[in-house]
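Report on the following structure.
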Amino acid sequence: MKYSFAGRIRYSEIDESGRLSLYSLINYFQDCSNFHAEDRNVGLTWTRENHAAWILAGWQIQVRSYPAMGDPVVTSTWAYGFRNCVGYRNYAMETPEGEVIALANSEWVLMDVETGRPIKVSQELAEAYGVEPELKLQEDFGPRKIQVPESGREMEDFRIQDYHLDTNHHVNNGQYVRMALGCLPGDFRTGRLRAEYKMQARLGDRIFPRVTELEDGYLVTLNDEKGNPYFIGELKR
């Protein structure tokens, strides 16, 4: 089942250039899949009653253009497959006329929040979302795994605050991207993002960023005090 909702770019969603920020684009995608779940009766109430949560394992996002303040947009999502505990989902943001603004691929893991262990996706849950394998995007998003170089510049560390958290009581996946962008030059605009989520950071944890400059962008790791990554992001122009 393909799910869509119409919106308009708000002032609170733009950056200094007057255009939608990458962080806000990710929020549109997240909101779209949450609306999809709510409308199929497998949203927040269902996850709380079943002690479950969908945890993001990875993003691959391509941005063709960033819409400006006030622009109308249509955001869509669809699940194209489930395997054991993993759900595979695509996203698109388009103009009302159908011009593609951004596309995304993602992988989510269904977890038991009490035991911390993965849960197999039931047939009933898969059917609630609907599965559209024929709609799977054929874009070249690049490899799922990101190679992390040994080099890199250490940035000032910081502590996780309550505004970084979501209803799962850990850092929301969009916030990691926002943190990574904060380590980069202010005029850098991302055209392609690959992101891996390795661990869940919680309130009070310290983040130790490391930035490696690439030929056409940057690689950012957000690590714990031992150098283990919470998040790995490759951001290219």
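Residue numbers start at 1 and run along the sequence shown.
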Under 3.5 Å, which donor-acceptor pairs do the side chains of residues 198-205 form with other protein atoms, sequence neighbours left out?
from	atom 1	to	atom 2	distance (Å)
K198	NZ	E196	OE1	3.4
Q200	OE1	R202	NH2	3.1
R202	NH1	H169	O	3.3
D205	OD2	R202	N	2.8

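- For R83, the side-chain hydrogen bond (donor to acceptor under 3.5 Å, both in side chains) partners are Y88, not counting sequence neighbours.
- Between E94 and I101, every side-chain heavy-atom pair lies at or beyond the 4.5 Å cut-off.
- Under the rule for a side-chain hydrogen bond (donor to acceptor under 3.5 Å, both in side chains), the partners of Y91 that lie at least two apart in sequence or sit in another chain are S33.
- Judged as a side-chain hydrogen bond (donor to acceptor under 3.5 Å, both in side chains), the pairs with a partner in residues 56-71 (not counting sequence neighbours) are, in order, W59-N173, Q60-N105.
- Using a 4.5 Å heavy-atom threshold, the side chains of V211 and M155 count as touching.
- Checked against ring-ring contact (aromatic ring centres under 6.0 Å, His included), Y3 has the following partners two or more places apart in sequence or in another chain: H36.
- For the 3.5 Å distance criterion, the side chains of R189 and S17 qualify, holding a donor opposite an acceptor.
- Every residue was checked against the ring-ring contact (aromatic ring centres under 6.0 Å, His included) condition with Y28, not counting sequence neighbours, and none meets it.
- A donor-acceptor pair shorter than 3.5 Å cannot be found between the side chains of S106 and R89.
- Among pairs with a residue in residues 141-154, those fulfilling side-chain hydrogen bond (donor to acceptor under 3.5 Å, both in side chains) read E107-R144, at least two apart in sequence or across chains.
- By the salt bridge (Lys or Arg N to Asp or Glu O under 4.0 Å) test, R210 pairs with no residue at all, sequence neighbours left out.
- Checked by atom type, the side-chain pair Q175/Y23 shows a donor-acceptor distance below 3.5 Å.
- With sequence neighbours left out, the ring-ring contact (aromatic ring centres under 6.0 Å, His included) criterion links F158 to no other residue.
- Taking S4 as the reference, S76 meet the side-chain hydrogen bond (donor to acceptor under 3.5 Å, both in side chains) condition, with sequence neighbours excluded.
- Residues meeting the side-chain hydrogen bond (donor to acceptor under 3.5 Å, both in side chains) test with E49, sequence neighbours left out: none.
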Kindly determine whether L103 and F141 satisfy side chain to side chain contact (heavy atoms under 4.5 Å, CB included), including the steps that lead there. CA-CA 9 Å; L103 298 171; F141 287 104; 4.3 Å; yes

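- Within the hydrophobic cluster formed by Ile, Leu, Val, Met, Phe, Trp and Tyr side chains joined at under 4.5 Å, directly or through other members, I146 is accompanied by V148, L214, L219, I232.
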